[in-house]
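Step one of this worksheet: look at the structure below.
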Amino acid sequence: MSAVALVVAAGRGERLGYPGPKAFVMCGGRPMLEWSIDALKAVPEIGHIVVATPPGVEPPAGTSGVFGGQERSHSVRAALHHTLAGDPVLVHDAARPLVTPEIIRAVLAGLDDAADGAIAASREADTLKREAPGGGDGPNGPATVAETVRRDGLWAVQTPQVFRREILSRALDQPHDVVAGATDDASLVEGLGGTVRLVECPRENFKVTTPDDLRLADLILRSRSR
Ligand code: CTP
Ligand code: MG
């Protein structure tokens, strides 16, 4: 098996609020993207790495670069179309620098013969509540609990996500609004009736979204290298 890895790094990082694109912000002493690239390079099943970058940014050494699109899924599509080689296709967010070779190998191994995809995820640990309509930060005042959602059987989804090339390609070639509205690639594959396996991974593989996340990721990466 020679898999191809697509790393999406073309987002602006608006919620982080730094001047440059998030994937290139320093984290653990190096640009955030570099951690994911190192982890992917340490996995022998991966033959090739394609990185979707913002315009004007060079991809890391040993990877191919392609300009990303307006939405995350457009960046995934651009990276997928960049290379015809490689099956299955692994998709990973550059915003998850805490990914490890072990996580990547576990997700690749999760793609059994009867599955179309396998995704990293962790079991939901917190009690979940749904708010009543109309509440929350608006003129109606604070949000109010409408109900407690049973967390049994609920998973919080991460990347990497691995798919057979044929179904991922069909999933991403759907109409613009369908693709743009998807929050992950697996949901598009599920929408085509694909079978997607959940691979339990550490919650530590979280996504850096806010300055708090960046601080935590920085601390963990520094503690790992000690
Ligand atoms: N991404 C991308 N192309 C886009 C949007 C996002 O390649 N048009 C990538 C980001 O670089 C990131 C991953 O998708 O690695 C997950 O997206 P997110 O965490 O939302 O990152 P940003 O879009 O950069 O952040 P924000 O939404 O706060 O602007
Ligand atoms: Mg975003």
Side-chain angles (χ1 to χ4, degrees), residues 4-28 30-41 46 48-60 63-83 89-100 103-104 107 117 119-122 156-163 168-169 171-189 201 203-218 220-221:
V4 60
L6 314 179
V7 182
V8 284
R12 286 178 298 275
E14 276 167 10
R15 286 168 290 179
L16 185 64
Y18 274 51
K22 181 166 77 181
F24 300 87
V25 166
M26 296 298 278
C27 184
R30 51 213 292 245
M32 192 184 305
L33 169 66
E34 303 279 343
W35 294 101
S36 296
I37 300 297
D38 277 7
L40 290 163
K41 281 183 176 169
I46 293 174
H48 188 46
I49 303 172
V50 181
V51 182
T53 62
V57 178
E58 287 295 311
T63 73
S64 330
V66 61
F67 291 148
Q70 189 59 33
E71 301 294 338
R72 182 188 176 281
S73 42
H74 302 140
S75 297
V76 177
R77 185 164 59 194
L80 181 67
H81 288 173
H82 184 76
T83 170
V89 178
L90 178 148
V91 185
H92 181 64
D93 290 336
R96 293 184 191 270
L98 293 151
V99 72
T100 61
I103 291 174
I104 296 164
V107 177
I119 63 178
S122 62
V157 166
Q158 309 171 350
T159 69
Q161 302 195 343
V162 179
F163 307 98
L168 180 63
S169 161
L172 292 166
D173 284 341
Q174 295 180 90
H176 185 89
D177 51 325
V178 175
V179 173
T183 51
D184 76 342
D185 306 297
S187 62
L188 292 170
V189 168
C201 290
R203 293 169 71 201
E204 193 170 287
N205 180 34
F206 63 83
K207 183 162 73 74
V208 174
T209 305
T210 62
D212 274 356
D213 299 330
L214 181 65
R215 207 177 112 252
L216 188 57
D218 185 83
I220 296 171
L221 287 166

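Whatever order the structure lists them in is the order used to number ligands and atoms, beginning at 1. Given the structure is predicted, the values throughout are model-derived calculations rather than measurements.
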Touching ligand 1 at all, A9? Heavy atoms, strictly under 4.0 Å?
->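 Yes.
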Would you mind checking which non-hydrogen protein atom is closest to [atom], with the distance to 0.1 Å?
| atom | answer |
| --- | --- |
| atom 19 (O) of ligand 1 | K207 NZ, 2.6 Å |
| atom 13 (C) of ligand 1 | D93 OD1, 3.4 Å |
| atom 12 (C) of ligand 1 | V8 O, 3.8 Å |
| atom 21 (O) of ligand 1 | K22 NZ, 3.1 Å |

So does [Y] get a backbone contact from the side chain of [X], meaning a donor-acceptor N/O pair under 3.5 Å?
| X | Y | result |
| --- | --- | --- |
| S73 | V179 | yes |
| T53 | A10 | no |
| R15 | T209 | no |

Shortest non-hydrogen contact between A171 and L188, atoms and distance |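 Nearest heavy atoms, A171 then L188: CB-CB, 3.8 Å.
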Between K207 and K22, which heavy-atom pair has the shortest distance, and what is it?
->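 Looking at all heavy atoms of both residues, the closest pair is NZ-NZ, 4.4 Å.
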Step through the shown structure and confirm whether more than 12 heavy atoms of other residues, nucleotides or ligands are within 6.0 Å of CZ on R12.
->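 Open: at most 12 neighbouring heavy atoms sit under 6.0 Å from CZ of R12.
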Looking at ligand 1, does any of its N/O atoms fall within less than 3.5 Å of an N/O of G69?
->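 Indeed, backbone or side chain, G69 has an N or O that close.
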A52-ligand 1 polar pair, N/O distance under 3.5 Å |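 There is no such contact.
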Heavy-atom contacts with [X] under 4.0 Å: which atoms of ligand 1 show up? List them by number with element.
| X | result |
| --- | --- |
| S75 | 2 (C), 3 (N), 4 (C), 7 (O), 8 (N) |
| Q70 | 8 (N) |
| E71 | 4 (C), 8 (N) |

Region of H74 that comes within reach of ligand 1 [heavy atoms, distance under 4.0 Å] |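 Neither part.
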Assess whether side-chain contact (heavy atoms from CB on, under 4.5 Å) is satisfied between M32 and L214, documenting all intermediate values.
-> CA-CA 9 Å; M32 192 184 305; L214 181 65; 3.9 Å; yes
Kindly determine whether D184 and R72 satisfy salt bridge (Lys or Arg N to Asp or Glu O under 4.0 Å), including the steps that lead there.
-> CA-CA 9 Å; D184 76 342; R72 182 188 176 281; over 6 Å; no
Taking it one step at a time, do V107 and T159 satisfy side-chain contact (heavy atoms from CB on, under 4.5 Å)?
-> CA-CA 9 Å; V107 177; T159 69; over 6 Å; no
Pick from G13, A10, G11: the one approaching atom 25 (O) of ligand 1 most closely through a non-hydrogen atom |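 Considering heavy atoms of G13, A10, G11, the nearest to atom 25 (O) of ligand 1 sits in G13.
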Per atom 20 (O) of ligand 1, closest listed option by heavy atom (R12, E14, R15, R72) |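 Minimum heavy-atom distance to atom 20 (O) of ligand 1 goes to R15.
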